[in-house]
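First comes the structure, then the notes that go with it.
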2 protein chains.
Amino acid sequence: MTYIHFMGRRSDHSRAELEELILSTGSTLIAETGLAGFSAREVARRIGYSIGTIHNVFGTADRLVAAINTRSFKDWAASLRERLNAVGPDGDRIAALVDGYFGFAREHPHLWTAIFDHRLPPDGGLTEADETGRALLTRIVVEEIARAVGCEVDDEVAALSRSLIATVHGHCSFAISGAWSLMGEAAPEAAALARVREALSAWDVCLTQS
Amino acid sequence: MTYIHFMGRRSDHSRAELEELILSTGSTLIAETGLAGFSAREVARRIGYSIGTIHNVFGTADRLVAAINTRSFKDWAASLRERLNAVGPDGDRIAALVDGYFGFAREHPHLWTAIFDHRLPPDGGLTEADETGRALLTRIVVEEIARAVGCEVDDEVAALSRSLIATVHGHCSFAISGAWSLMGEAAPEAAALARVREALSAWDVCLTQS
DNA sequence: TATAAGAAATAGACAGTGCTCAATTTGTGA
DNA sequence: TCACAAATTGAGCACTGTCTATTTCTTATA
């Protein structure tokens, strides 16, 4: 008859609540200031806990950022699913996919940028939970590409999907960082979509011939 | 009859020599430790000058990193030109271009990563000299793509070129960051090349039809 | 009920960082 | 020889992440 839930000294927040509080506050901070302006101390200040508490819960500032990025990944995947549901089974799902990729980056440029700018120290890789959370987005795309080319999900389709993700990512990356506008490019998203369509039609031709 | 050249106190290094010294030492430091391990103080330590000197010459650590990245860009462009010369006018110049893009990233992963991870503070953009130095790489690609599709260099070809750069960049980015190997992708460079070839042949079809 | 045990939270020290600016060289032209 | 002015220094400031000793509170036991 033991209560394992409230073992700490503060009853303000349970461990889970504290994790959530740190995570969402950290996410807001990155959204506001970008990864460069992020600091674990500032997160502690905002939630009214000391810096040591952050360390207790997340171990390292890097691991906290990794957790925040995983959360961004999940939100991103969710918004992608929403768009796919919105266009329906007969809509232009490929366009929805590309627009979903760009959409999250445009709406949350700092969060999106943080995902790809952050590097973990060489020793400590991602958590199992991080890995699976991030794999969601890839899985959605793989499923959609399989649907688009009318195949089962196999290694070949998965490889094509990753290549298409990389293609769209490159365009989005330049668009968000601003390197693109300096070069006078007007419609990076349209270009990305064009490249994807070309690859898909090349794949169809390949299938027909074999 | 006034000599304006030697106004300083140290004859160890002229201003230009000092700039070069800081730049090359900083470049080596990033190549060794990555952008995260970079510090202006460490550069000062290594060249035997004080931290103040770095600030006199480059103003800000961010501007120093920007200058280092511009230097990387130039080296990158030079190695691209070399590869193009090596394959000659009748070789597979498109493959050489893609391989050159990946090649620099593979040989100098930290320098390459630093180029795209570094963000200047919102107020201070890049120098004129930085801009032109970085534009070199794009120009090389635009010229080659014009050659490949047998056109003059115009806005359309330039837009296509930027889109192809983005495509290759996306693949290279995932390959270097390691996100790729986690997904089990074996040949990111081959995939990038395939996407580029598809885009070029789609362009050819487009030209033939019009 | 009183007390021992133990975990959460904290405070604060440590070693770094970038940036500033008064004080200090020191080469040079007068 | 001297004075000037540019180049260089480095202590000081406000930060940062990380870590350990300490406090504070809850729970379980005697």
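We use all heavy atoms of the structure for the numbers below, so side chains are in, but hydrogens, waters and symmetry mates are not. Reminder, nothing fancy here: chain letters follow the sequence lines and each chain counts from 1.
- Among the heavy atoms of the strands lying under 4.0 Å from B/S50 is at least one base atom, whether or not backbone atoms are also near.
- Using a 30° and 60° split on the angle between ring planes, A/F104 and A/W76 fall in the parallel class, below 30°.
- Put simply, OH on B/Y49 is 21 Å from C1' on C/dC19, counting in whole angstrom units.
- Note: CD (A/E19) to P (C/dA9) measures 11 Å, nearest angstrom.
- Looking at which nucleotide of DNA chain D each of A/D62 and B/G52 is closest to, the 5′-most match is held by B/G52.
- Here the nucleotide nearest the side chain of B/A61, chosen from C/dT17, D/dG17, C/dC19, is C/dC19.
- Donor-acceptor pairing under 3.5 Å is lacking for the side chains of B/T33 and B/H110.
- Between B/F58 atom CZ and D/dA7 atom P the separation is 15 Å, expressed in whole Å.
- Counting to the nearest Å, the P atom of C/dG18 and the CD1 atom of B/I22 are 13 Å from each other.
- Rounding to whole angstrom units, CZ of residue B/F38 and P of C/dG16 are separated by 17 Å.
- Between B/T70 and B/A129 the shortest heavy-atom distance is CG2-O, 4.4 Å.
- Each of A/N56 and A/E42 was assigned the nucleotide of DNA chain D with the nearest heavy atom; the assignment lying further toward the 5' end belongs to A/E42.
- Using the six-membered ring where Trp is involved, A/H169 and A/W112 have ring planes that are tilted, between 30° and 60° apart.
- Straight-line distance from the CD atom of A/E17 to the P atom of C/dA8: 15 Å, rounded to whole Å.
- An OP1 or OP2 oxygen of D/dT16 is reached within less than 4.0 angstrom by a side-chain nitrogen or oxygen of A/R45.
- Residue contacts shown for B/I54 are absent, as no nucleic acid heavy atom lies under 4.0 Å away.
- OP1 or OP2 of C/dC19 has at least one side-chain nitrogen or oxygen of B/T60 nearer than 4.0 Å.
- The distance from atom CZ of B/R15 to atom P of D/dT8 is 8 Å, rounded to the nearest whole Å.
- For C/dA8, neither phosphate oxygen OP1 nor OP2 lies less than 4.0 angstrom from any side-chain nitrogen or oxygen of A/T53.
- Backbone-only contact: A/L18 has heavy atoms under 4.0 Å from sugar-phosphate atoms and none from a base.
- Following rounding to the nearest Å, A/H55 (NE2) and D/dT18 (C1') show an atom-to-atom distance of 5 Å.
- Residues B/R71 and B/S27 bring no donor and acceptor atom of their side chains to less than 3.5 Å of each other.
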